[in-house]
**Q** 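Before anything else, here's the structure in question.
Lettering of chains follows the sequences in order, A, B, ..., and the numbering in each one begins at 1. Computed from heavy atoms alone, side chains included, the values below leave out hydrogens, waters and symmetry copies.
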Amino acid sequence: MLLDARIPDGPIETQWERTKFDMKLVNPANKRRFTVIVVGSGLAGASAAASLAELGYKVLCFCYQDSPRRAHSIAAQGGINAAKNYQNDGDSIYRLFYDTVKGGDFRAREANVYRLAELSVQIIDQCVAQGVPFAREYGGMLANRSFGGAQVSRTFYARGQTGQQLLLGAYQALSRQIGLGNVKMFPRTEMLDLVVDEGRARGIITRDLVSGAIGRHAAHAVVLATGGYGNVFYLSTNAKGSNATAIWRAHKRGALFANPCFTQIHPTCIPVSGEYQSKLTLMSESLRNDGRIWVPKRKGDTRKVSEIPEAERDYYLEEKYPSFGNLVPRDVASRNAKTVCDQGRGVGPGGLGVYLDFSEAIGRLGRKAIEERYGNLFEMYEKITGEDPYSVPMRIYPAVHYTMGGLWVDYKLMSTVPGLFVAGEANFSDHGANRLGASALMQGLADGYFVIPYTVGDYLARHMGEKLDPSQPAFVAAEAEVTGQVAKLLAVQGERSVDSIHRELGGIIWDHCGMSRNAAGLRTALERIPALRQEFHENVRILGSGESLNQTLEKAGRVADFLELGELMCKDALEREESCGGHFREESQTPEGEALRDDERFSYVAAWENLGKDKGWALHKEALSFEHVHLAQRSYK
Amino acid sequence: MTATVGFLRSTLGKKAVMAVTGLILFGFVFVHMFGNLKMYQGEEKFDHYAEALRELGKPLLGPGQALWIARSVLLAAVLLHIGSAWSLTRQSRRARPVRYERHQLVQSTYAARTMRWGGVILLLFVLYHLAHLTLGWAHPDFTPGKVYQNVTIGFQIGWVSAFYIVANLALGLHLYHGLWSLFQTLGLSHPLWSPWQRRFAATFAVAVTVGNVSFPIAVLTGVVR
Amino acid sequence: MRLRLKIWRQASAGATGGMVDYDAPDVSPDMSFLEMLDVVNERLVAHGQEPIAFDHDCREGICGSCGFVINGIAHGGQKGTTVCQLHMRHFKDGDELTLEPWRSRAFPVVRDLMVDRSAFDRVIQAGGFVSVNTGTAPDGNSIAVSKVHSDLAMDAAQCIGCGACVAQCPNGAAQLFTSAKVSHLGLLPQGQPERFLRVEAMVAQLEEEMFGSCTNYGECEAVCPKNISVDFIAQLNRDYLRSKVVPVRRARGAAGAG
Ligand SMILES: Cc1cc2nc3c(=O)[nH]c(=O)nc-3n(C[C@H](O)[C@H](O)[C@H](O)COP(=O)(O)OP(=O)(O)OC[C@H]3O[C@@H](n4cnc5c(N)ncnc54)[C@H](O)[C@@H]3O)c2cc1C
Ligand code: HEM
Ligand code: HEM
Ligand code: SF4
Ligand code: F3S
Ligand code: FES
């Protein structure tokens, strides 16, 4: 299969402009005749559904929560980037573009990233107009903070709840369209399959999570905005319900899956406190501005902090990276934390944690100042751990946070299945091998507000007057398959709980396909995962029926998909014998132990084609070329 | 027109009516208490005051007319107040058909929690009170116009005074929440002065209660005889 | 530590429910309340009983999915805390805990501790937005917004739509939730054109949904995980009363769907 990213030629600055001009348009009268399905009500989904409905299309929108307002975008804390240059500190669209490509360690498409930077400006305007209460200066102008190592202040924020406020903005726009009858909302409804007919996406099969009813929904185009798949690891900063089901079932229907192994592990999360742990909580990166990270010099040192003299503390980041110190990028900070813990110098339960110490900052700035900067974060930490970070250092440990991989899409965000579009974290598009802070919210909204409404229209314009008919054989067949899968799961009646198997899968992937990877480890994982998958299908225990609300059944369906996706992640990681961004192959590092890219062999997007049940995958490569940002090895020394 | 009807149907509309009528009622109760203080100036002054009430508005209005106007306003207020209280209460009951096995209130004041029963007590009191000191039906030895006498004789009976005292304590509570609550209801609260609302409510609630409770006590203790 | 739990079990909206006793041995003080329930559920499944259903997703106090009444208090009574953020160290060994779903006519029980809060969505759909289509926005800094107002708006905007205010209110009123959205948008210049239409429409929907009426108990504020202040209820009432006088007539001409 030849992958055509449909990137327009000509100067990068005008590519999007020209693409829009070349698009076919649907006249207002005809828009009403088209139905578009949007799966997901997060930043990407809600903004897309609302914008499409505003244009006049009929929209069906789905989410698994009881309200679209609860999509996991709500949890984003830090902020959203935009090249507004309000601070007059030399920011520009080009600089944001440059930083993002470089931050992605040269594994993203220049054209997409440039468009993202270009649209970032409009996003802020749109959100302000919706009533998003961004932080303001006393003069009444929008405030900015700097984020993720960028040298300019371009991050807009609303206290520690930027994601929440942006999502509520989109949710309000969506609610308005629901009220006007332009969008039909299906909450507590999970997409379980994609319907493909004559090689084009025609609709989806869903399960009503309350009644258990399986339903067919037909549309002229389908947009997936179902978020990330970090929950493959069981423990992550994602919501409990976050899943890969929608994109994975689409993948099995022919959509290629790109860079599955690119996952971002966030350095500052609250460590695991016990076996029962159900999810991990992020502590904003901003903490690293004033906190100093250290571990005891001596192995297995169990003394209380107060008893460890300064001389016996190892501020390993400051030692190793004099210029960036505690502010090195996420992947570097995470990897180093793992290293010291593997050396047996970790602190807290299981030795899986490092100290983030504010005593020096409190001494220098006073408790008051620290309280103003991080008050709410310190509270959250105390709520969860019961420890007071003002008196004892925080304990932090890396946790899975974001998945750069996702369904492969071209410049117009269409997957390899015509009529199937993918937006937000669910696609692979803009972050390459590592995502910079505050850029995912930007991408979700760029896709939803400003790309999808155009590109979907362009696609629809080419398919005038097609009838929708959910009684087509393709629908019947897909529904039968889904019903079969559900019945099969319920029939097992084995011994093991869904969670226990999910936890085990998470363990395998965390150990072998986590912060650092090597061939041997990945091979072990590739043996263990299929075995565990078999164990699951023969020995899982799900009580209750499929004809009613059944949360265990929901979980089981998701875990079944993770058990397949997990395998592909390891396969992809094994294939890519280089280190780049979040993907660190121990075989490929500099003498100082830094990530070493191999642009000769791996400057491509790995897009995997599913060959069908037990037939494995075929790898397709989309070559990446860099004309504007010249390839360079990242260094933070 | 339809707008105003819709307004009065809406819960917020009814609440506003409660607040306004509540305010009127409060106004009456306060003035009433104040006027009754004349009791301490002796029979003559007090009866003369009661008499004067009936002469109010002369020469524009004839004898007693002003009083009748006032009475009709009061009556309307009480009816509206009770009417909306009743329908709001019913609506709130309907809003929770299945009760909690266990429900624990955390922040609300005792006054807030007793508004409804307090109101009922007040209603009963007013009815009795009218029969007692206005119409004389419930009075052992009632002489129209001899207000001072009526009061002093009336309060000689222990349980009557007791009832007055209880009712007026209830009124105090009702006002303590009510006078604060109406700021919220009419949207008059504001971070700047909301602390003062509490003080305002407290002051007047106490003033009215102390004033009113003092009368029966004064009679029983023989300060007024 | 060991706990005794009395939990409301109800198979479906139609079914009749009741309190059932459960035993929770070896609870760790570091568990969150929901993790404690996870463990209870694991044991139930192991013993062939269906697990207790409860809503949850983010488990970090921001999505508003979780929430039930613990010993008579919505979210369990820790200031500014949702049940998913409530940790077991706040309970003592041997405690008996009663768990009930939100009780409100507008929030019918879906199953066990899960309720249907779509009434909240409909209140927002009625007018809890600014009618601005994608692409029409002026520059973000074209209108200055005083820090005081934007901070106050943010205080209100933090509502997570969990429903605890309704659950705790002796009247089953949704005033705090509604006032939070009305105030958030009403405090910002962008929200002005539709200010009075918005409050009228949202209050009308409140009536539709059969919520109770606020008598200013202030219970809602006490259990709100985001500490939304009842001052906003005053603002809701003020704007509603004002919507009944002149300005709104003018507004009615302007602005799109109210
Ligand atoms: C704790 C945390 C903090 C973060 N902080 C930041 C930050 O500061 N800045 C930043 O830029 N990014 C941040 N991110 C990343 C960013 O929040 C996400 O990448 C982004 O919000 C994803 O948005 P989305 O719309 O793609 O997906 P989501 O918001 O996850 O929405 C997914 C939607 O799909 C629906 N859905 C999923 N599966 C199905 C299915 N099978 N059927 C039906 N519906 C389904 C869900 O119901 C939901 O509505 C953070 C992420 C986390 C977890
Ligand atoms: C002397 C008589 C009375 C006075 C001065 C009075 C005053 C008030 C005031 C000021 C309020 C506050 C309204 C608001 O919250 O905005 C109030 C509320 C209330 N009143 Fe009265 N009232 C009186 C009699 C009654 C009676 C007779 C009843 C019922 C039988 C009653 C029932 C209530 C109830 C239930 C409330 C609370 C409702 C609410 O706060 O919205 N009151 N009253
Ligand atoms: C101890 C306290 C009180 C005393 C001593 C008292 C005394 C009196 C007297 C003497 C009268 C008759 C006046 C006349 O006929 O000229 C009267 C009338 C009345 N009182 Fe009181 N009162 C008291 C408290 C209250 C309270 C608390 C209320 C309301 C809740 C109230 C409501 C009325 C009303 C409605 C009338 C009838 C007024 C009229 O239309 O003539 N009183 N009161
Ligand atoms: S106001 Fe508070 S309690 Fe009510 S829904 Fe919003 S967050 Fe929950
Ligand atoms: S508790 Fe209820 S009565 Fe009003 S102030 Fe809060 S809604
Ligand atoms: S689960 Fe999201 S708020 Fe509790």
**Q** Starting from the C-alpha separation in whole Å, work towards a yes-or-no answer on side-chain contact (heavy atoms from CB on, under 4.5 Å) for C/K6 and B/E101.
**A** CA-CA 10 Å; C/K6 289 171 98 274; B/E101 293 274 318; 4.3 Å; yes
**Q** Is a side-chain donor or acceptor of B/Q184 paired with a backbone partner of C/C214 at a separation under 3.5 angstrom?
**A**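 Answer holds: no.
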**Q** For the residue pair C/N171 and B/R93, establish whether any side-chain heavy-atom pair is separated by less than 4.5 Å.
**A**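 Side-chain contact under 4.5 Å: no.
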**Q** Under a 4.5 Å heavy-atom cut-off, does chain B meet the side chain of C/A167, its backbone, both or neither?
**A**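 Both parts, heavy atoms under 4.5 Å.
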**Q** When rounded to the nearest 0.5 angstrom, what is the spacing between OG in C/S213 and NZ in B/K14?
**A**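 Reported to 0.5 Å precision, the distance equals 8.5 Å.
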**Q** Among C/L206, C/V230, C/V223, which has the most heavy-atom pairs under 4.5 Å with chain B?
**A**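 Heavy-atom pair counts peak at C/V230.
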**Q** Rounded to the nearest 0.5 Å, what separates atom CZ in B/R113 from atom OG1 in C/T215?
**A**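 Taking CZ in B/R113 and OG1 in C/T215, the distance rounds to 11.5 Å.
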**Q** Measure the spacing between CD of C/Q175 and OG1 of B/T11 and express it to the nearest 0.5 Å.
**A**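 Answer for the CD-OG1 pair, C/Q175 versus B/T11, is 6.0 Å.
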**Q** Measuring only between side-chain heavy atoms, which start at C-beta, is B/R102 closer than 4.5 Å to C/V69?
**A**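 The answer is no, as the side chains (C-beta and beyond) never meet within the 4.5 Å cut-off.
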**Q** If you round to the nearest 0.5 Å, how far is OG of B/S108 from CD of C/E219?
**A**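 C/E219 atom CD to B/S108 atom OG measures 3.5 Å (nearest 0.5 Å).
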**Q** In sequence, state the C-alpha distance, the side-chain angles, and the governing distance for B/H103 and C/Q168, and then conclude on side-chain contact (heavy atoms from CB on, under 4.5 Å).
**A** CA-CA 8 Å; B/H103 192 28; C/Q168 185 70 16; 3.7 Å; yes
**Q** Looking at every non-hydrogen atom in both residues, tell me the closest pair between C/G218 and B/Q107 and how far apart they are.
**A**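 Answer, listing the atom of C/G218 first, then B/Q107: O-NE2, 3.0 Å.
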**Q** I'd like to check B/H177 versus C/N216 (side-chain heavy atoms, cut-off strictly below 4.5 Å). Are they in contact?
**A**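 Answer yes - side chains close enough.
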**Q** Can you say whether C/C169 sits under 4.5 Å from chain B via the side chain, the backbone, both, or neither, judging by heavy atoms?
**A**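 Contact with chain B: backbone only.
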**Q** Short question: side chain of C/Q235, backbone of B/S189 - any donor-acceptor pair under 3.5 Å?
**A**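 Side chain of C/Q235 to backbone of B/S189: no pair is present.
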**Q** As an exercise, state the distance from CG of B/L12 to CG of C/L241, rounded to the nearest 0.5 Å.
**A**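 The distance works out to 7.0 Å.
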**Q** C/A173, C/A204, C/P170, C/C220: which one forms the most heavy-atom pairs within less than 4.5 Å of chain B?
**A**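 Answer, by heavy-atom pair count under 4.5 Å with chain B: C/P170.
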**Q** Quick one, B/R94 and C/R105 - any side-chain contact, counting heavy atoms below 4.5 Å?
**A**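 Of all side-chain heavy-atom pairs linking C/R105 with B/R94, at least one is under 4.5 Å.
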**Q** Taking atom OH of B/Y110 as the centre, report whether more than 12 heavy atoms of other residues, nucleotides or ligands fall under 6.0 Å from it.
**A**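 Result for OH/B/Y110: open.
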**Q** Check whether any side-chain heavy atom of B/R99 sits under 4.5 Å from a side-chain heavy atom of C/R103, and report yes or no.
**A**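 The answer is no, as the side chains (C-beta and beyond) never meet within the 4.5 Å cut-off.
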**Q** Check C/G212 against B/A95 and note the closest heavy-atom contact, atom names and distance.
**A**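 Nearest pair, atom of C/G212 first, then B/A95: N-CB, 3.4 Å.
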**Q** Does OH belonging to B/Y40 count more than 12 external heavy atoms closer than 6.0 Å?
**A**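 Result for OH/B/Y40: enclosed.
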**Q** With rounding to the nearest 0.5 angstrom, report the CD to OG1 distance, B/Q104 to C/T98.
**A**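 B/Q104 CD to C/T98 OG1: 10.5 Å, rounded to 0.5 Å.
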**Q** If you count heavy-atom pairs under 4.5 Å with chain B, which of C/I233, C/I73, C/N71 comes out on top?
**A**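 Answer, by heavy-atom pair count under 4.5 Å with chain B: C/N71.
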**Q** Under 4.5 Å from any heavy atom of chain B, what part of C/Y240 do you find: side chain, backbone, both or neither?
**A**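 For C/Y240, side-chain heavy atoms alone lie under 4.5 Å from chain B.
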